[in-house]
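Right, one structure below, let's go through it.
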Amino acid sequence: MRDWLRSILLPAEGTSYAGSVDSLFFFLFYMGVFFFLLIAGLLTYFLIRYRRRGPDDRTPYIVKNHKLEVVWTLIPLSLVIFIFFWGFHTYMDAAVSPGDAMEIRVTARKWVWEFEYPNGIRSLNELHVPLNKPVKLLMTSEDVIHSFYVPTFRIKQDVLPNTYTQLWFTAKEPGMHRLFCAEYCGTSHSDMLGRIFVDDEKTYNEWLETGGDEGKDMPLAEFGAMLFKSRGCNTCHTIDGTRGEGPSFRGVFGSQVKLQDGSTVLADENYIRESILRPQAKIVAGYQPIMPTFEGMLREREINALVEFIKAQR
Ligand code: CUA
């Protein structure tokens with residue numbers, strides 16, 4: 001009964017913390033169901049039992065009943081006190097990270113998640129964490145308020161500019177978990193998605209060493225198409241010619257691009273490379289200088305792949 005309801009109401013439990021949140025949730029849920037049935041049931045029963053039976057039928061006028069008042073005060077009072085301590089305990093579990101937790105830095109910006117690991121490796125929109133090990137996220141934003149939300153982990157925390165906020169968890173469910181931005185942060189807020197991979201120790205260490213050597217067996221343009229999505233380029237750039245926050249990639253390669261200062265530039269490989277790594281260097285006429293820099297965030301092969309992908313959009 002419980003697991004059936006759980007699967008309908010709530011996503012899978014990716015952390016041990018998720019289990020304690022769900023227990024509290026179900027306690028509140030079943031308490032609500034119990035009191036709903038009790039009150040609605042008594043209401044219906046009293047309606048019939050004490051209905052007016054004739055013109056002279058009067059109910060007795062009762063002024064007070066101390067015993068009843070004490071009972072209906074003490075029962076709810078003890079219930080809410082019990083819920084408060086349970087909830088407080090669960091909250092403190094989430095708020096205080098264990099001392100041995102591994103720290104990962106999270107930087108949010110419109111509209112990507114950036115992760116930096118203890119060894120200096122960085123990744124975008126893709127967080128890799130070891131199974132059954134406490135991980136602490138130290139988070140900040142480069143622009144507006146975002147919110148780090150992983151439903152299967154039952155964790156959610158605002159990510160603020162000029163401040164660090166933190167979260168911690170111990171992942172216990174291997175595989176992929178979805179990360180959402182849960183604070184409206186502009187045009188592509190709903191595309192500000194990420195994936196969290198919970199790896200066993202071996203896979204995790206391999207990933208840390210290679211920095212996630214993904215796409216190593218893929219042709220460049222195909223790898224680039226993958227990066228176009230996973231690195232969040234597609235939140236601002238389209239490939240079908242429609243206008244986004246940034247220029248579309250359709251037909252851009254080899255064309256003469258008009259810049260904000262009135263000059264034009266040939267869109268060759270070097271122009272595209274520069275626009276990825278130092279987007280503020282040349283702003284296309286009619287667009288805002290809002291693209292974040294990707295300098296130091298992409299490896300050489302990833303840059304090549306993106307250039308190759310953009311070249312293919314003719
Ligand atoms: Cu970032 Cu919504």
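Numbers here are sequence positions counted from 1. Order of listing sets the numbers, starting from 1, for every ligand and every atom in it.
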List, one per line, each side-chain donor-acceptor pair under 3.5 Å for residues 303-314, sequence neighbours excluded.
residue, atom, partner, partner atom, Å
Asn304, ND2, Glu300, O, 3.4
Lys311, NZ, Glu269, OE2, 2.8
Gln313, NE2, Phe309, O, 3.1
Arg314, NE, Lys311, O, 3.2

Cation-pi, Tyr287 ring and Arg243 (6.0 angstrom, 45 degrees) = yes
Throw together a table of side-chain donor-acceptor distances under 3.5 angstrom for residues 134-141, partners on residues two or more places apart or in other chains.
residue, atom, partner, partner atom, Å
Thr140, OG1, Leu160, O, 3.2
Thr140, OG1, Thr163, O, 3.1
Ser141, OG, Asp143, N, 3.1
Ser141, OG, Val144, O, 2.6

query = Should the pair Arg231-Glu302 be classified as a salt bridge under the 4.0 Å nitrogen-to-oxygen rule?
reply = yes
Would you give me the side-chain donor-acceptor pairs under 3.5 Å for residues 61-76, sequence neighbours excluded?
residue, atom, partner, partner atom, Å
Asn65, OD1, Lys67, N, 3.4
Asn65, OD1, Leu68, N, 3.2
Thr73, OG1, Glu69, O, 2.7

remark   = Result, protein N, O or S atoms below 2.8 Å from atom 1 (Cu) of ligand 1, excl. waters, equals 4
task = Check whether more than 12 heavy atoms from other residues, nucleotides or ligands sit under 6.0 Å from atom CZ of Arg58, and answer yes or no.
result = no
